[in-house]
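A short write-up of the structure that comes next.
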Amino acid sequence: MRNLLGYPVEFVDEEQMSGGSTARAGAYDVFINHRGLDTKHNVARLLYDRLLHLSGGRVRSFLDNKSMRPGDRLEESINAGLGQCKVGVAIFSKHYFDSDFCLHELASLVEARKVIIPIFVGVKPSELVLPQAVVDSNAHAPRDIERFRVALREVKYTVGITYDPATGDLADLVNKAASAVMERIQETESVPRRQMIASRL
């Protein structure tokens, strides 16, 4: 059986693929920051599945509806995923700025100096400006507004992947994003090994 992109789908439990330990039991490698209304059932979910199969279950991605169970505390689960991940994938879309969670997650990734791969779905990097409605609302403290602005400026000038839903190839987008994530994970894993070798010399 194949999914919407034509990739073979194997009905293998994620716990089995990760060698008997679930993503919750171990550290996450990737945090997928996204607006569920726009991308949960296409870009975000397909990227999650692609990374899982590309790595044979070795790469664990945090995707809220896949990584949390009923009864899990939302903020604690998200903070754990943010803290553990090596790479953050920020999927910007039309309704991204409507979500407080999206903005807080992005700011946390930037503040933790995580490697961030931006994906622009139907939006341009130049549009990464905090809406005035968010600034004027009473929902956020001035410190948080500044955090959001700093994070958006940082990601705005980070090389990412653009995708036009009207004309783009979704399979190509997912392949490019998955390849970029895998490459960055390998780079982050090679640094400690090089440091360990140097320390033994």
Side-chain angles (χ1 to χ4, degrees), residues 23 27-48 51 60-68 72-165 168 173-174 176-178 180-181 183-185 187-188:
Y28 291 102
D29 301 289
V30 183
F31 188 96
I32 302 177
N33 165 250
H34 70 294
R35 180 68 170 106
L37 178 66
D38 297 326
T39 60
K40 185 181 299 295
H41 300 295
N42 43 70
V43 180
R45 175 58 190 271
L46 291 169
L47 177 59
Y48 176 94
L51 288 169
R60 292 182 290 274
S61 303
F62 185 96
L63 181 62
D64 50 11
N65 67 322
K66 295 293 291 180
S67 304
M68 294 190 293
D72 285 349
R73 295 182 66 84
L74 190 61
E75 186 175 353
E76 290 179 6
S77 298
I78 291 173
N79 287 341
L82 289 166
Q84 294 168 4
C85 75
K86 301 180 181 73
V87 177
V89 177
I91 305 175
F92 296 100
S93 56
K94 181 179 179 181
H95 297 100
Y96 182 91
F97 293 107
D98 295 342
S99 168
D100 292 344
F101 278 107
C102 284
L103 292 168
H104 279 288
E105 290 167 5
L106 181 66
S108 296
L109 288 169
V110 170
E111 289 163 356
R113 302 189 65 81
K114 303 289 186 178
V115 174
I116 300 176
I117 297 174
I119 299 177
F120 303 97
V121 178
V123 297
K124 300 176 182 178
S126 60
E127 296 178 81
L128 295 191
V129 178
L130 196 64
Q132 194 60 40
V134 176
V135 177
D136 293 339
S137 74
N138 295 321
H140 306 290
R143 176 181 176 277
D144 285 328
I145 294 296
E146 185 58 25
R147 290 176 66 230
F148 301 159
R149 282 174 166 160
V150 169
L152 289 169
R153 282 198 299 268
E154 180 76 17
V155 178
K156 183 177 181 178
Y157 296 107
T158 300
V159 176
I161 303 169
T162 58
Y163 171 71
D164 184 344
L173 168 67
V174 173
K176 284 182 179 178
V181 170
E183 181 180 338
R184 291 299 185 173
I185 289 175
E187 289 176 358
T188 60

Value rounded to 0.5 Å, distance of CE in Met68 from CG in Asn65: 8.0 Å

Nearest-0.5 Å distance that lies between atom OG in Ser93 and atom CG in Leu37: 8.0 Å

Any donor-acceptor pair under 3.5 Å from Asn79 side chain to Glu75 backbone: yes

Trace of the salt bridge (Lys or Arg N to Asp or Glu O under 4.0 Å) decision for Arg184 with Glu187: CA-CA 5 Å; Arg184 291 299 185 173; Glu187 289 176 358; 3.0 Å; yes

Ionic contact status for Glu105 with Lys114, cut-off 4.0 Å: no

Straight-line distance of Thr188 OG1 to Asp29 CG, nearest 0.5 Å: 8.0 Å

Matching residue for Val30 among Val89, Leu47, Val115, Ile117 - test: side-chain contact (heavy atoms from CB on, under 4.5 Å): Val89

Over 12 non-hydrogen atoms of neighbours within 6.0 angstrom of CD in Gln132: yes

Gap separating the CZ atom of Phe92 from the CD1 atom of Ile119, nearest 0.5 angstrom: 10.0 Å

Donor-acceptor pair, side chain of Ser99 and main chain of Cys102, under 3.5 angstrom: yes

Lys/Arg N to Asp/Glu carboxylate O, Glu127 vs Lys124, below 4.0 Å: no

Side chain to side chain donor-acceptor pair (under 3.5 Å) between His140 and Asp100, intermediate numbers included: CA-CA 9 Å; His140 306 290; Asp100 292 344; 3.1 Å; yes

Heavy-atom side-chain contact between Leu106 and Phe101 under 4.5 Å: no

Close aromatic pair by centroid cut-off 6.0 Å: Tyr96 and His34: no

Ser137 (side chain) donor-acceptor with Val134 (main chain) under 3.5 angstrom: yes

Parallel, tilted or perpendicular: ring planes of Phe62 versus Tyr28, cut at 30 and 60 degrees: perpendicular

Minimum side-chain heavy-atom gap Leu152-Phe97 below 4.5 Å: yes

SB check Asp38 Arg35 (cutoff 4.0 Å): no

Please report, to 0.1 Å, the donor-acceptor pairs under 3.5 Å made by any side chain of residues 154-165, with sequence neighbours excluded.
unit_1 : atom_1 : unit_2 : atom_2 : d
Thr158 : OG1    : Glu154 : O      : 2.8
Asp164 : OD1    : Ala166 : N      : 2.9
Asp164 : OD2    : Thr167 : OG1    : 3.4

CD1 on Ile91 to NZ on Lys40, rounded to 0.5 Å: 10.0 Å

